[in-house]
Amino acid sequence: MNSATPTTAVAKAGVTIALAGSGGSGVMTAGTLLLAAAAKAGAYGLMVRTSGPQIRGGEAAALVRLAGSPVETLGDGFDLLLAIDWSNTHRFADEVPLGAGSVIVGDPDEGEPPEVFLATGARYVPLTMKKTAKALKGSWVNMVALGFAGALAGLPQQALEDAVRDDWKRGDEALAANLAALAAGYAAERGVTPPIAVPQLAHVALHTPRWSITGNEAAGFGAIRGGVRYVAAYPITPATELLEWMAPALAKVGGTLLQAEDELASINMIVGGSFGGVPSLTATAGPGLALMAEGIGLAVASETPVVVVDVMRGGPSTGIPAKSEQSDLSFAVSGLHGDAPRLVVAPTSISDCATTTQWAVYLAEALQAPAIVLSDQFLGQSRAIIDPPADSGLRAKRLTAAANNPDYKRYRNTESGISPMAIPGTPGVTYTADGLEHTEAAVPSSNSKDHRLQLDKRERKLALFDYGDAWADIDGDGDAAVITFGSTSAAVREAVARARADGHKLRLIAMRLLAPLQSDKLAKALEGVRHVMVIEQNHGAQFWRYLRGNFDLPSKPVSYHRPGPLPLRPGELHQAITEWRKAA
Amino acid sequence: MNPQQLKTLDEFMAQAYAMELDAEQRYTDLADAMETHNNREVAELFRKMAAIEGRHAVQIMEEMGWKEPPAHVAAPAFEGYESAESVPIDDVHYLMRPWHALQLALVAEQRAARFFSELAMSAQAEPIRKAAVEMRDEELEHVELVKEWMTRVPQPEKDWAIDPDPPRYDQ
Amino acid sequence: MNDVAIAPAAACTPASFKSAVKPVWCPGCGDYSVLSAITKALAIIGRPPHEVGVVSGIGCSSRIPAYTSCYGFHGVHGRALAAATGLKLARPDLTVLVTGGDGDGYSIGGNHFMHACRRNVDLTYIVMDNHVYGMTKGQPSPTTEPDWDSKLQPGGTQVRVFHPLVVALAAGANFVARAFAGDPNGTAAIIAQAIRHPGFSFVEVLSPCITFRPEQKEWKSVVRPSPVAATDDPARAARLVMTDDGMNIGVLFAGNRPQYPLNQGKAAMGVADLEAEFRI
């Protein structure tokens, strides 16, 4: 394990397990079942999937961390790497850091573990899996692995069996065989000599309701909760599951989802649907967001609310589709031609994907503007056991025009900047929405006064709005502050906790509303702060530059940034913070 | 339009009414187009023509005692695809002079007169023949009106169509 | 003669569908007639202007929405069909027209055109085809003859023209017709029929550009009423359209493909019921 492992309970929370194997070995299923079993046993957990580029049969690993309290990162290292086979698993070496306290489990019939894993000093424990499964006719090898891993984590066998039963779709005979394989794996772990010493879960009774959910599902759910009833979208990794979850869900609540021919169609379709009065949304990733830029600009200029969820992945261009990165920030906050103010929000956790997407719907509708939700592959495709996200109660509510008003002007210059929108079907207040600059009465105009007025209006409506406290999660005190956004928040939080335990006084700001930048609130949050570190997962220090370009941070703000595909880990951040505080 | 197909005077007059409306609409469109292109003189002229056609339409309504105009009756095509009294949309030019506009109006009125004249000659039912004759005479009056108007309007210069600027970019 | 069924009396007049905004089209532009035809068609259909959406892209003809008194949407270049699809699927109760030119529709909009025909959502797409990019001052469009000389493509594009009726038919449009701006009443009748016909109705209107294609004045001497009546047999329509010279006016195909199913708006369950699938 990491040499900087402190002794506090905070850092020791949980056990981290990697299940690896090539296609057909079923490690993803095993990981999902492990998570479900932990949930049944009253624990929390997080599962991250990683795989090769093949559609089928490629190498894959399920990375699972279980703990007695909510888990939002995989921590610094793995207690167990269990591989059903070793085909190409060396590819995951970077993602599965091991140490002297870790255990490597492999099938002796599949050969030796790759040197890169053995070199960490981890203990190797052989486990005959394939032969065991073969002997129990009809059983699958991943059940043996599941049993072993569950036992190692300290999960009760009953919880594992219940998880398998709940998910079972293949008939009673096969079930019996697989439960036997599970038991064999479980017993094998119990029988290892000397016993494997890794942190185990305390047995916690399940007394609060829990959800098992991915960030993509949470975002979709939050959108529907907020009032979205029309989606048009184009499949793209890693956003596709969000859309696939929403398709039947929307239908159930009376909404519609259309698969469009491309992202250009998607964004224009939802602008059209929203023009019709229905809260609309699409989801995409970096390349799709780039294609949508013109359409998002149309939403700005025509003052049509839309929500665009960008599940960020490695960029630029096609980049690294199945890996996470926070490198679309620059594009989201400034990537539209013209002066085009828009909303950008970033959920800080899988649970927050629901809350923040719901908020984005509310904001977009209230402000008649596009809102980009910066999720990412890590949040989107990871599954977590969470406490059910509270309903903020915020719903799509648009300021609409009353019928038959002869004085109606769609783009009237109001004090708030928000002007009532006539919804098609309302008599007496018809107008033509336009991407062209326009007068207050929606007539196309190239006049300087009109342009100035409308630019001011579109900026003002976003600037004057009261966003409340959700703009950032702030805690702690001191003259040093760490600022971050999005999925890195969890790792940053863990690192800050460790640093505080070391005696450092730190303020933590995890920013949720990125645009419009809440300068006044940020200034207040940084009162008394003389040292700032900005932490983010991209190569260009995009957030650091954005803040510096739009706000007077205390002198010489420091940036800790690293691109994907590997997640920022609490250990490395703790180290970076420690060095930064020493130097200050 | 086959006069045999017209069963009643009402139907005939509904088509005549539609023709007047088409003409009024066309002159209005042309007037608007000219106004937008800063050809005020011709715009005013077309508006006057539109008003004349509009009055003619109202006249028909009053004569027929209709409370509401007949709905959705299309004027028949004549000597081409357009209704008889409409100036063809593409016969105009943004730099045209009032004389040109009157020339177009003249041709339109003459065509309308021809239309009703043919109808009068081939109509079987007496009320229709009578109405067609009245309409023809009206149009012939308009012809005279326009001819007289043309004497008060200067002939266009030879280079009326020359624009030293190439077509402008629209927005 | 109209063979369109007449809407009940006391419906709107064509004038009620025109806004007070004066078009900026050149005097002589065919689009004036098409606008007039659209207002006549909408009067025939009989829905009030506030229940009609008119969606367009970018180009001279795409300015049409603001010239009507309906709910207009003037979107970006080539994406009118996408915006209109979104509007119709979100609001199936509205009548939605889509308007634009040959560049907007067949070049940058080509992909959306093909998929809109496939999808067969109940829309009416009216393209004002003048074989040129007018707004940008005279470049060839996909329907421009291959040897038409221009500044941007001297000597001509050398590229075979796009055949919109062929593509529409092949991609699955449920109604395919051609009209001529020089025949406003005929165009109005065709548009009304197109609106009434379920599914994706496509009307290509030859609409001369007086400024950049003055030779198109000849069209009125060349176009002819289609020698064959509309068919509902796609194979027959396909044979006809492959020998079409681009000057036949009338309805080519009025088919029976079922239209894209529109959401009836019934919610089978509430949002809270969705939580069940996450609960452990």
Side-chain angles (χ1 to χ4, degrees), chain A residues 36 39-40 206 209-213 217-218 221 224-225 229-230 232 249 251-256 258 260-262 264-278 280 294-295 297-298 302 385 388 403 422-436 442-444, chain C residues 19 21 48-56 58 63 65-91 93-94 96 111-112 114-116 118-119 121 260 262-275 277-280:
Chain A
K40 284 183 189 303
L206 182 68
R210 306 270 168 79
W211 284 12
S212 168
I213 193 168
E217 290 168 344
F221 175 75
I224 292 181
R225 220 184 214 176
R229 290 297 180 269
Y230 180 64
K252 285 178 190 154
V253 296
T256 305
L258 176 71
E261 55 269 31
D262 57 32
L264 303 168
S266 302
I267 184 65
N268 283 282
M269 282 176 180
I270 64 170
V271 174
S274 179
F275 168 73
V278 178
S280 303
E294 188 196 33
L298 177 62
S302 63
I385 309 299
I423 305 302
T426 314
V429 284
T430 64
Y431 75 102
T432 291
D434 217 318
L436 282 172
V443 175
Chain C
S19 75
V21 181
H50 63 267
E51 292 178 8
V52 179
V54 182
V55 180
S56 69
I58 300 288
R63 290 176 167 271
Y67 304 150
T68 73
S69 61
C70 307
Y71 275 97
F73 189 83
H74 187 202
V76 292
H77 196 38
R79 317 293 170 201
L81 284 169
T85 301
L87 178 59
K88 182 68 183 182
L89 290 183
R91 289 292 307 277
D93 58 304
L94 301 173
V96 179
N111 190 36
H112 304 307
M114 179 176 65
H115 290 285
R118 272 180 69 222
R119 207 174 278 124
V121 172
Y260 188 87
L262 296 171
N263 188 348
Q264 300 312 310
K266 292 193 209 88
M269 57 177 70
V271 176
D273 299 318
L274 294 176
E275 300 177 14
E277 84 170 79
F278 299 124
R279 267 185 236 124
I280 292 163

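Excluded from the calculations below are hydrogen atoms, water molecules and symmetry mates; all remaining heavy atoms, backbone and side chain alike, are included. By convention in this document, chain letters (A, B, ...) are assigned in the order of the sequence lines, proteins followed by strands, and residues within each chain are numbered from 1. The structure presented is a predicted model; accordingly, all values stated were derived computationally and were not measured.
Proximity to chain C (any heavy atom under 4.5 Å) is shown, for Ile423(A), by both the backbone and the side chain. Both the backbone and the side chain of Pro65(C) come within contact range of chain A, judged by heavy atoms closer than 4.5 Å. Both the backbone and the side chain of Glu275(C) come within contact range of chain A, each with at least one heavy atom under 4.5 Å from a heavy atom of that chain. Contact annotation for Tyr431(A): both backbone and side-chain heavy atoms come within less than 4.5 Å of a heavy atom of chain C. Heavy atoms closer than 4.5 Å to chain A are found in the side chain of Arg119(C), but not in its backbone. In this structure, the portions of Ile224(A) lying under 4.5 Å from any heavy atom of chain C include both its backbone and its side chain. In this structure, chain C has no heavy atom under 4.5 Å from any part of Ala232(A).
Between chain A and the residues Asn263(C), Ile58(C), Val21(C), Leu94(C), the largest count of heavy-atom pairs under 4.5 Å involves Asn263(C). Put simply, of Pro48(C), Gly72(C), Ala66(C), the one with the most heavy-atom pairs under 4.5 Å next to chain A is Gly72(C). Heavy-atom pairs under 4.5 Å with chain C were tallied for Gly272(A), Gly297(A), Ala218(A); the largest tally goes to Gly272(A). Of the listed residues (Asp273(C), Val54(C), Val55(C), Thr85(C)), the greatest number of heavy-atom pairs within a distance under 4.5 Å of chain A belongs to Thr85(C). Heavy-atom pairs under 4.5 Å with chain A were tallied for His112(C), His77(C), Glu51(C); the largest tally goes to His112(C). Highest contact tally toward chain C, considering only Asp434(A), Leu264(A), Thr430(A), is held by Thr430(A) [criterion: heavy-atom pairs under 4.5 Å]. The greatest number of non-hydrogen atom pairs below 4.5 Å with chain C, out of Ala36(A), Ser212(A), Gly435(A), is found for Ser212(A). Your options are Gly295(A), Gly277(A), Ala422(A), and the one with the most heavy-atom pairs under 4.5 Å with chain C is Ala422(A).
For the residue pair Thr68(C) and Ser19(C), the shortest heavy atom distance occurs at O-CB, 3.3 Å. Across all their heavy atoms, Phe221(A) and Val271(C) have their closest contact at CE1-O, 4.0 Å. Across every non-hydrogen atom of Arg279(C) and Ala272(C), the tightest pair is NH2-O, 4.0 Å. Across all their heavy atoms, Ala260(A) and Met269(A) have their closest contact at CB-SD, 3.8 Å. What you find for Pro49(C) and Ser69(C) is that their closest heavy atoms are CB-OG, 3.4 Å. Nearest heavy atoms, Pro424(A) versus Phe275(A): CD-O, 3.2 Å.
We find the CD1-CG distance between Ile267(A) and Asp262(A) to be 12.0 Å, quoted to the nearest 0.5 Å. With rounding to the nearest 0.5 Å, the separation of CZ in Arg210(A) from CD1 in Ile385(A) is 8.5 Å.
Defined by atom type and a distance below 3.5 Å, a donor-acceptor pair is missing between the side-chain atoms of His74(C) and Arg63(C).
Within the 3.5 Å criterion, the main-chain N or O of Gly276(A) finds a donor-acceptor partner in the side chain of Arg91(C).
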